[in-house]
Amino acid sequence: SYPTRRSSDLCAGALLYAVPTSDAATYYVNSLAGKDSSSGLAPTAAWRSLSKVNSITFQPGDRILFRSGTRYQGQLAPRGSGNMVNDLPNPIAIGRYGEGERPRLDGEGKVGSTVYLFNVEYWEVSGLEITNTGPERQPGRRGVHVHIEDFGTARHLHLKDLIIHDVNGSIFKKRGGGGAILWENEGETKKSRFDGLLIENCHLKRCTRNGINARGYWKRDQWHPNLNVVIRHCLLEEIPGDGIVPIACDGALVEHNVMR
């Protein structure tokens, strides 16, 4: 019941800003036919699991492509950061390859967030289906969590063309809530913030409690706002709490979104 786009469209979108470098590599992941002992450097030598992906520190310009029509349990928490090359972003990109349904990442309610980007920058994530449903509601449960702590400024983090659905966090805000996407910036020794956070063309459905929200330095005596935050062309359905709440931002742009 969710829209499917051609894999060529998704991969092109994931690499829109990428700058080819001689050291960059493309890694393939296939839960049906891959092996974690393989190199991952070709579809015929694909990795199998999220744990293998999480064990690698990726380099600027790398791509991690999941096979269409495959499913993965647990949490995707990749490491490494992209950079700038000749004044252009050189991000690490996550997307998909092959024809068929989107790769599905399922936290199964066993992890706080199915996709967790922690203390990284210059990443683009696109073309995935993400869910996180446990047997009972759990406060703080989410689909995607982008989080920096004592990091400084994290630049160019893009979430594009994602389907995030059926995340059963708590319906109660005071108990910790939950939802589809949370970005969070904090730190005592080194204040941290996002510069260039983009959430675009995402479809969020049946996520409790919130759609897209944030945590940061919002008090006047702590003010250290996120910059260049853009949230656009997203569809939010059956979200029982808050829709889009860009807390602690200076000049955020929120446009062309629909909440039903």
Side-chain angles (χ1 to χ4, degrees), residues 17 75-84 89 91-92 111-125 130 132 138-160 162 164 167 169-200 202 204 207-234 236 239-257 259:
Y17 300 98
Q75 183 181 72
L76 174 62
R79 298 184 297 171
S81 288
N83 61 9
M84 295 285 288
I92 303 169
V111 295
S113 54
T114 304
V115 176
Y116 184 43
L117 299 179
F118 177 66
N119 277 1
V120 297
E121 62 179 343
Y122 292 99
W123 278 83
E124 298 185 0
V125 182
I130 298 166
N132 196 6
Q138 179 66 42
R141 183 175 290 151
R142 291 180 172 83
V144 177
H145 187 186
V146 184
H147 182 198
I148 52 174
E149 182 176 8
D150 294 319
F151 183 84
T153 299
R155 296 177 172 84
H156 194 96
L157 288 160
H158 292 188
L159 306 176
K160 301 183 291 186
L162 301 175
I164 306 172
V167 178
S170 173
I171 194 70
F172 299 103
K173 181 177 181 178
K174 292 184 178 180
R175 296 181 187 176
I181 298 173
L182 171 72
W183 80 80
E184 181 177 13
N185 56 301
E186 59 179 339
E188 294 294 332
T189 61
K190 190 175 186 179
K191 278 194 172 182
S192 301
R193 65 179 171 189
F194 298 102
D195 186 353
L197 176 65
L198 171 67
I199 302 172
E200 182 178 48
C202 293
L204 317 178
C207 295
T208 307
R209 172 183 184 267
N210 305 312
I212 302 169
N213 65 325
R215 293 175 183 164
Y217 306 94
W218 61 273
K219 295 182 179 179
R220 289 182 183 272
D221 60 351
Q222 298 178 335
W223 185 242
H224 190 63
N226 300 299
L227 307 173
N228 298 306
V229 173
V230 177
I231 306 169
R232 63 188 177 203
H233 297 294
C234 294
L236 297 82
I239 305 294
D242 297 328
I244 300 174
V245 186
I247 292 173
C249 296
D250 185 358
L253 174 62
V254 182
E255 63 177 0
H256 306 298
N257 302 285
M259 183 170 178

Counting N and O atoms only, with roles assigned by atom type, does the side chain of Asn132 sit under 3.5 Å from a partner on the main chain of Gly143, one being a donor and the other an acceptor? no

Is there side-chain contact between Pro225 and Trp218, with at least one heavy-atom pair below 4.5 Å? no

Student check: side-chain heavy atoms of Ile239 and Met259 closer than 4.5 Å: yes

Between Asp150 and Gly187 the two heavy atoms that sit nearest each other are OD1-CA, 3.1 Å

Knowing that exactly one of Asn228, Asn226, Thr153 qualifies, which makes a side-chain hydrogen bond (donor to acceptor under 3.5 Å, both in side chains) with Asp195? Asn228

Heavy-atom check, side chain of Cys234 versus side chain of Cys202, under 4.5 Å: yes

Applying side-chain hydrogen bond (donor to acceptor under 3.5 Å, both in side chains), name anything that partners Arg141, two or more places apart in sequence or on another chain. Asn168

Minimum heavy-atom distance Trp183-Val229, with the two atoms named: CH2-CG1, 4.0 Å

For Glu188, is the CD atom crowded, meaning more than 12 foreign heavy atoms sit under 6.0 Å from it? no

Which residue is it: Val115, Val146, Ile130? I am looking for the one with a side chain to side chain contact (heavy atoms under 4.5 Å, CB included) to Leu159. Val146

Side-chain heavy atoms of Tyr122 within contact of Pro89, under 4.5 Å: yes

Glu124/Lys160 ion pair, N-O < 4.0 Å: yes

Evaluate the side-chain proximity of Ile212 to Ile231: yes if any heavy-atom separation is below 4.5 Å, no if none is. yes

Can you find a pair of side-chain heavy atoms, one from Val144 and one from Ile164, that are under 4.5 Å apart? yes

Is Phe151 close to Lys190 at the side-chain level, that is, under 4.5 Å between some pair of heavy atoms? no

Please find the pair of heavy atoms, one from Arg79 and one from Trp123, that lie closest to each other, and give the distance. O-CZ2, 3.6 Å

Within a strict 4.5 Å, meaning less than it, do heavy atoms of the Glu121 and His156 side chains meet? no

Asp250: side-chain hydrogen bond (donor to acceptor under 3.5 Å, both in side chains) partners, not counting sequence neighbours: none

Examine Lys191 relative to Tyr217 and say whether NZ or CZ is less than 6.0 Å from the centre of the six-membered ring and inside a 45° cone about the ring axis. yes

